[in-house]
Engineer: 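Structure below; questions to follow.
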Amino acid sequence: HQSRRKADAIVRTSNGEWIVVRPGSVFGPGDEQISLLLRMIRTLPTLPVIGDGNQQFQPIWHEDLAELLSRVVERDDLHGKELDVAGGELTSQNDLIDRLSRITGRDVPRIPVPEMIASVGIRLASAVGIGVAFNDSQLRMLTEGNQIAAGRENALFTQFGMTPTPLDAALGRLANDQQEQLPDDDGVGPLRRKRFWVDIAGSPVTPEALMV
C-alpha cells in the first residue's frame, strides 16, 4: 500500500497525461493470496487463520482487471482521474476457506493465530532463511483489509458498466487452472511441475501404437 501511494504521488506530479487505476486484491492462478490459500487447503493437515479471520477485502478476478485496463487506455476522457477498482463481492479468510473447502471437497481444521504472534513468527523465520506462506507486508495488508472506502465509487461499475466474474465462479476456475500439489514420500512437498520423456530408437512399433 505504501509503495502504491508513493507511485500515485509521482504520477500526479507528471507533466504528461495520466490516469491512476487502483485495483483491489487481484487474484488468479499463482497469486500470493487466494492461490496460496487454495494450495494450503489442498495440502496442509491444519490451516492457520490470522486473527479472527473476518478481515474483509474485495478481490477482483485477473481477467476482469485486464479487460478494464484495456478499456482505460482507449478512453480519452479519463485523464487526470483516479479510479478505484474492485470485484463485486466482499469476502474474508473465513469466507474463502468455506468456499474453497466446498470446491475442493476438503474440510481442513483451522487454528487461529493471533496477528502479533504471526508477525513475529514470520520475521524470525525470514531472518533464519525459512520460507513461509506470507511475508510481513502481505500479513499487514491482510489484517488491514482491502476494500473500496465508503463514499468512493467502484469504477468497474460507474465508468465501464462491467459485470465482474462472480466470486464462486472465479474460485472454481482458479481451482481448475492451478495445478494441485500432492504429498511426496516425505510428507507435503513444494509445488513442482515435472515432465519426463524418453527417446526410443529402432522400435518396430509406431508412436501411435505405443500410445494405445
Side-chain angles (χ1 to χ4, degrees), residues 1 3-4 21-50 53 55-73 83-108 110 118 122 126 130-148 154-156 160 162-184 187-197:
H1 291 163
S3 62
R4 290 182 183 182
V21 179
R22 296 196 189 98
S25 178
V26 184
F27 73 106
D31 73 85
E32 296 181 343
Q33 289 184 315
I34 296 180
S35 287
L36 179 61
L37 183 60
L38 170 61
R39 196 180 315 151
M40 293 167 70
I41 289 173
R42 280 174 162 170
T43 59
L44 296 183
T46 57
L47 192 67
V49 176
I50 308 302
Q55 307 91 336
Q56 290 195 318
F57 61 105
Q58 200 169 351
I60 181 169
W61 180 240
H62 67 115
E63 292 180 349
D64 293 342
L65 178 61
E67 171 66 21
L68 181 138
L69 292 176
S70 70
R71 297 188 188 188
V72 166
V73 298
L83 307 177
D84 293 331
V85 178
E89 301 172 62
L90 287 172
T91 186
S92 65
Q93 288 181 81
N94 287 328
D95 179 54
L96 285 172
I97 292 170
D98 290 340
R99 293 174 187 253
L100 290 172
S101 294
R102 288 194 296 270
I103 291 171
T104 61
R106 192 166 191 269
D107 190 10
V108 183
R110 307 176 196 186
I122 288 171
S126 298
I130 299 175
V132 292
F134 290 97
N135 61 40
D136 198 44
S137 297
Q138 290 170 322
L139 175 64
R140 186 163 59 251
M141 291 176 66
L142 178 65
T143 55
E144 286 175 352
N146 189 342
Q147 63 189 86
I148 295 179
N154 187 345
L156 188 81
F160 300 95
M162 293 176 57
T163 300
T165 303
L167 184 56
D168 276 337
L171 293 175
R173 292 174 60 184
L174 177 66
N176 287 333
D177 293 344
Q178 181 164 295
Q179 293 293 315
E180 186 168 358
Q181 181 182 7
L182 300 175
D184 62 18
V188 176
L191 181 63
R192 295 192 180 99
R193 296 182 63 183
K194 297 182 179 180
R195 182 169 59 182
F196 301 91
W197 66 91

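For the single chain, residues carry numbers from 1 onward in sequence order.
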Engineer: Taking all non-hydrogen atoms of both residues, which atom of Thr91 and which atom of Pro59 are closest, and how far apart?
Structural biologist: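 Residues Thr91 and Pro59, closest heavy atoms: CG2-CD, 3.6 Å.
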Engineer: Hey, does Leu36 have a side-chain heavy atom less than 4.5 Å from the side chain of Asp31?
Structural biologist: no
Engineer: Are side-chain N/O atoms of Gln55 and Gln93 paired as donor and acceptor at under 3.5 Å?
Structural biologist: yes
Engineer: Are any of the side-chain heavy atoms of Val21 and Val72 separated by less than 4.5 Å?
Structural biologist: yes
Engineer: Let me confirm one number: the CG-CG distance from Leu65 to Leu156, rounded to the nearest 0.5 Å.
Structural biologist: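 The CG atom of Leu156 is 9.0 Å from CG of Leu65, to the nearest 0.5 Å.
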Engineer: Going by heavy atoms in the side chains, are Glu89 and Pro166 under 4.5 Å from each other?
Structural biologist: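 Counting from C-beta outward, Glu89 and Pro166 do come under 4.5 Å.
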Engineer: Report the C-alpha distance between Phe27 and Leu37 in whole Å, list the side-chain angles of each, state the deciding distance to 0.1 Å, and finish with yes or no for side chain to side chain contact (heavy atoms under 4.5 Å, CB included).
Structural biologist: CA-CA 11 Å; Phe27 73 106; Leu37 183 60; over 6 Å; no
Engineer: Can you name the nearest heavy-atom pair linking Gln56 to Leu90, along with the distance?
Structural biologist: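 Nearest pair, atom of Gln56 first, then Leu90: OE1-CD1, 3.7 Å.
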Engineer: Check this for me, if you would: do Asp95 and Arg99 make a salt bridge, where the nitrogen-to-carboxylate-oxygen distance has to be below 4.0 angstrom?
Structural biologist: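 Between Arg99 and Asp95 there is a salt bridge, with a charged N closer than 4.0 Å to a carboxylate O.
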Engineer: Taking all non-hydrogen atoms of both residues, which atom of Gln58 and which atom of Ile148 are closest, and how far apart?
Structural biologist: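 Smallest interatomic distance, heavy atoms only, reads OE1-N, 3.2 Å.
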Engineer: Is the closest side-chain heavy-atom distance between Pro29 and Arg173 below 4.5 Å?
Structural biologist: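 No, every pair of side-chain atoms sits at 4.5 Å or beyond.
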Engineer: Over all heavy atoms of both residues, which pair between Leu44 and Arg106 is shortest? Give the atoms and the distance, please.
Structural biologist: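 Looking at all heavy atoms of both residues, the shortest contact is O-NH1, 3.0 Å.
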Engineer: Look only at the side chain of Asn154 and the backbone of Ala86, and say whether a donor-acceptor pair between them is shorter than 3.5 Å.
Structural biologist: yes
Engineer: Is Asp98 paired with Arg110 through a side-chain N to carboxylate O contact shorter than 4.0 Å?
Structural biologist: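 Yes, charged N to carboxylate O under 4.0 Å.
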Engineer: Test side chain to side chain contact (heavy atoms under 4.5 Å, CB included) on Leu68 and Arg71; report intermediate values, then the result.
Structural biologist: CA-CA 5 Å; Leu68 181 138; Arg71 297 188 188 188; 5.7 Å; no
Engineer: Of the non-hydrogen atoms in Ile103 and Gly172, which two are nearest, and what is the gap between them?
Structural biologist: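 For Ile103 and Gly172, the tightest heavy-atom pair comes out as CD1-N, 3.7 Å.
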Engineer: Using side-chain heavy atoms (C-beta onward) and a distance below 4.5 Å, is Ile60 in contact with Val85?
Structural biologist: yes
Engineer: Of all heavy-atom pairs between Ile34 and Phe57, which one has the smallest distance, and what is that distance?
Structural biologist: CD1-CE1, 4.3 Å
Engineer: Measure the shortest side-chain to side-chain distance between Leu174 and Trp61 over non-hydrogen atoms and say whether it is less than 4.5 angstrom.
Structural biologist: yes
Engineer: Do Phe160 and Leu83 have side chains that get closer than 4.5 Å, going by heavy atoms?
Structural biologist: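 Yes - at least one pair of side-chain heavy atoms lies under 4.5 Å apart.
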Engineer: To the nearest 0.5 angstrom, please state how far the CG atom of Leu47 sits from the CZ atom of Arg42.
Structural biologist: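 Spacing of CG (Leu47) from CZ (Arg42) equals 13.5 Å.
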Engineer: Sequence neighbours excluded, which residues qualify as salt bridge (Lys or Arg N to Asp or Glu O under 4.0 Å) partners of Asp64?
Structural biologist: none
Engineer: Under a 3.5 Å cutoff, is there a donor and acceptor pairing between the side chains of Gln178 and Ser35?
Structural biologist: yes
Engineer: So, Gln33 and Ser25: side-chain donor and acceptor under 3.5 Å apart, yes or no?
Structural biologist: yes
Engineer: Nearest 0.5 Å, please: how far is OG1 in Thr104 from CD1 in Ile41?
Structural biologist: 6.0 Å
Engineer: Measure the CD-CG distance between Gln147 and Asp84 for me, rounded to the nearest 0.5 Å.
Structural biologist: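 Going from the CD atom of Gln147 to the CG atom of Asp84 covers 11.5 Å.
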